[in-house]
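Sequence lines set the chain letters: A, B, ... in the order given, protein chains first and strands last, and positions in each chain run from 1.
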Amino acid sequence: DTGVSQDPRHKITKRGQNVTFRCDPISEHNRLYWYRQTLGQGPEFLTYFQNEAQLEKSRLLSDRFSAERPKGSFSTLEIQRTEQGDSAMYLCASSLEGGLFLNEKLFFGSGTQLSVL
Amino acid sequence: GQQLNQSPQSMFIQEGEDVSMNCTSSSIFNTWLWYKQDPGEGPVLLIALYKAGELTSNGRLTAQFGITRKDSFLNISASIPSDVGIYFCAGQSNNDMRFGAGTRLTVKP
């Protein structure tokens, strides 16, 4: 399968614990996005990378959140000191940047469902 | 928060019926995308639109990029049970892609 892969699919943690999610994008894609989705809502943008550079962060991304893409391939999203409000589906998407954000298509992974107890 | 207004929020239709849903925005977008999401899965891209006025089909699905670049619609013809799911519109301008809140479609056999 050459789609976007996310691991784990589900994560249950206690409040205050740290969690880390991994995303492997489609191999030739240079742009990688993280989104968060809560029940009954569409995905909300968190951050994106062009190769290894993190170019934008949403205001939703508090200081407890950090994302990395060290070699421009896979990415990790870490949440420190989790809170119950962090419970959501965390989606990763990748795209092949076509210049000036035109003609861009995002392909999503299956997501990581986080439950903070 | 969401900047796209997607309607209707939900639809209950009989198998074989046609379906129409739309998205509007106060902002201009360069690209409109339509996705379908099944429970517990990520959104799957259905149709991408890149030019104002563009009308694109993918099987029984047809979508249009509004002339004003502030709206888009998706039509599904002759619905079948596997069309069940949540449909999201997404608009992109510069480096920002925003999603609607989704239209939940239920198809009765």
Please answer: with hydrophobic residues joined when any side-chain heavy atoms are less than 4.5 Å apart, are A:F21 and A:F74 in the same cluster?
no
For the residue pair B:G42 and A:L91, what are the closest heavy atoms and their distance?
CA-CD2, 3.8 Å
Among residues at least two apart in sequence or on other chains, which ones pass side-chain hydrogen bond (donor to acceptor under 3.5 Å, both in side chains) with B:R60?
B:D83
So which part of A:Q37 gets closer than 4.5 Å to some heavy atom of chain B, the side chain, the backbone, both or neither?
side chain
Can you confirm whether more than 12 heavy atoms, excluding those of B:E15, are under 6.0 Å from its CD atom?
yes
Flag, side chain of B:R98 to backbone of A:P43, donor-acceptor distance under 3.5 Å:
no
Working note: A:L106 + B:Y35, criterion side chain to side chain contact (heavy atoms under 4.5 Å, CB included); need CA distance, chi angles, decisive distance, verdict.
CA-CA 10 Å; A:L106 263 62; B:Y35 288 86; 3.2 Å; yes
Spell out, yes or no, whether B:I76 and B:M11 are grouped together once hydrophobic residues are joined by side-chain heavy atoms under 4.5 Å, including indirect joins.
yes
In terms of heavy-atom contacts, does CG of A:L39 have more than 12 from other residues, nucleotides or ligands at under 6.0 Å?
no
Under 3.5 Å, which donor-acceptor pairs link side chains of residues 102-109 of chain B to any protein atom two or more places apart or in another chain?
from, atom 1, to, atom 2, distance (Å)
B:T103, OG1, B:Q6, NE2, 3.3
B:T103, OG1, B:P8, O, 2.6

Nearest 0.5 Å, please: how far is OG in A:S110 from CG in B:D38?
10.0 Å
What pair of heavy atoms forms the shortest contact from A:K105 to B:A48, and how long is it?
CE-CB, 4.1 Å
Run the side chain to side chain contact (heavy atoms under 4.5 Å, CB included) test on A:Y35 and B:M97 for me, step by step, so that the C-alpha distance in whole Å, both residues' side-chain angles and the decisive distance to 0.1 Å come before the verdict.
CA-CA 10 Å; A:Y35 281 81; B:M97 183 171 287; 3.5 Å; yes
ILVMFWY network linking B:L45 to B:F73, side-chain heavy atoms under 4.5 angstrom:
no
Here the pair of heavy atoms bringing B:Q92 nearest to A:Y33 is NE2-OH, 4.3 Å
For B:Q37, is it the side chain, the backbone, both, or neither that has a heavy atom closer than 4.5 Å to a heavy atom of chain A?
side chain
